[in-house]
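Input: a single structure, listed below in structure tokens.
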Amino acid sequence: MDTPTAKRTLNPGDFDITCLDDEIRADRLCTELLKQFAASLVTEQQLTPLEAGQLAHGADPFLRDFMIANRRENLFQPAPGRVRQFAGHFYIINNMEPNRKELAAMLDGIAAFYRYAVSQNWFSADLLPTLEKECADLDSYSTRIENFWNLQGDGFIAWRAEIPLD
């Protein structure tokens, strides 16, 4: 019997998105994958269930809201700069009260998820340092949040152009 946290064979190609049905499938699979990720953190890295759940919860908005729903991209093939776009733009404009603490938890979860993906051979180890560097740039993203709150007049246009989503 398959349980939510049971290991299952994953095919990274199942996360390719070309149509709405693919997006729905990828979102559903990602939910299962995040449960598997959290369970792995508990069993293999001896994190508490709370710590593991926080990391999985942190990775969730990047994977499901940004990579799958917004970018419609395979979450195992993020283009360089995707974390930067998420943290420095998407997260800020899509939250009522973007803040450093919440974003830090997300970035920790994203980095942990991709380290897990490397350990499972789902993500290239060569790409991990770039992704981790983007996740570690919290001060830059915090400045972006502060600058966003201080926008006046046509300032949003310039703010948006610093880290465009397109």
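Side chain of Arg160 to main chain of Leu165: no donor-acceptor pair is present (N/O by atom type, distance under 3.5 Å, no hydrogens or angles). Of the possible polar contacts, none joining the Arg115 side chain to the Leu128 backbone as a donor-acceptor pair under 3.5 Å is found. In this structure, Arg64 contributes its side chain and Thr31 its backbone to no donor-acceptor pair below 3.5 Å.
Residue Phe123 is tested with Tyr116, Tyr114, Phe113, Phe15 for a ring pair (Phe, Tyr, Trp, His ring centres under 6.0 Å); the sole match is Tyr114. The side-chain contact (heavy atoms from CB on, under 4.5 Å) test with Ile17 singles out one residue from Asn74, Leu75, Ile68, Ile24, and that residue is Ile68.
Minimum heavy-atom separation, Ala52 to Ala38: CB-O, 3.4 Å. For the pair Pro98 and Asn95, the tightest heavy-atom approach, listed with the atom from each and the gap, is CD-O, 3.3 Å. Residues Ala104 and Leu138 share a closest heavy-atom pair of CB-CD2, 3.6 Å. What you find for Gln85 and Phe66 is that their closest heavy atoms are CB-CZ, 3.8 Å. Taking both residues in full, the closest heavy atoms of Ala69 and Glu23 are given as CA-OE2, 3.5 Å, listed atom of the first, atom of the second, then distance. Residue Phe90 comes nearest to Asn94 through the heavy atom pair O-ND2, 2.8 Å, listed as atom of the first residue, atom of the second, then distance.
To the nearest 0.5 Å, the span separating CG on Asp65 from OH on Tyr91 amounts to 12.5 Å. Considering CD1 of Ile110 and CZ of Arg82, their distance stands at 13.0 Å, rounded to 0.5 Å. Here the straight-line distance linking atom CG of Leu131 with atom CG of Asp126 works out to 13.0 Å at 0.5 Å rounding. Summarising the geometry, atom CD belonging to Gln120 is positioned 8.5 Å from atom CG belonging to Leu10; distances are rounded to the nearest 0.5 Å. Rounding to the nearest 0.5 Å places OG of Ser142 at 12.0 Å from CZ of Arg144. In this structure, the separation between CZ on Arg72 and CE on Met67 is 13.0 Å, given to the nearest 0.5 Å.
Counting heavy atoms from C-beta outward, Phe37 and Leu63 have side chains that stay 4.5 Å or more apart. Residues Ile145 and Asn99 fail the side-chain proximity criterion, which asks for heavy atoms closer than 4.5 Å. A heavy-atom distance below 4.5 Å is found between the side chains of His89 and Trp159. At a threshold of 4.5 Å between non-hydrogen side-chain atoms, the residues Glu97 and Glu102 do not count as touching. Thr130 places a side-chain heavy atom less than 4.5 Å from the side chain of Glu134.
By the criterion of side-chain heavy atoms lying less than 4.5 angstrom apart, applied directly or through intervening Ile, Leu, Val, Met, Phe, Trp or Tyr residues, Leu33 is not grouped with Val42; the two fall into different hydrophobic clusters. By the criterion of side-chain heavy atoms lying less than 4.5 angstrom apart, applied directly or through intervening Ile, Leu, Val, Met, Phe, Trp or Tyr residues, Leu103 is not grouped with Ile163; the two fall into different hydrophobic clusters. A continuous path of ILVMFWY side-chain contacts below 4.5 Å connects Leu34 to Leu29, so both sit in one hydrophobic cluster.
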Practice prompt. For the pair Asp16 and Asp22, evaluate side-chain contact (heavy atoms from CB on, under 4.5 Å) and give the outcome as yes or no after the intermediate values.
Written response: CA-CA 7 Å; Asp16 290 341; Asp22 291 345; 5.8 Å; no

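More than 12 heavy atoms of other residues, nucleotides or ligands lie within 6.0 Å of CG in Asn150, so this atom counts as buried by the packing criterion. Surrounding CZ of Arg84 are at most 12 heavy atoms belonging to other residues, nucleotides or ligands under 6.0 Å away.
Taking the six-membered ring for Trp and thresholds of 30 and 60 degrees, Phe156 and Phe148 have ring planes more than 60 degrees apart, a perpendicular arrangement.
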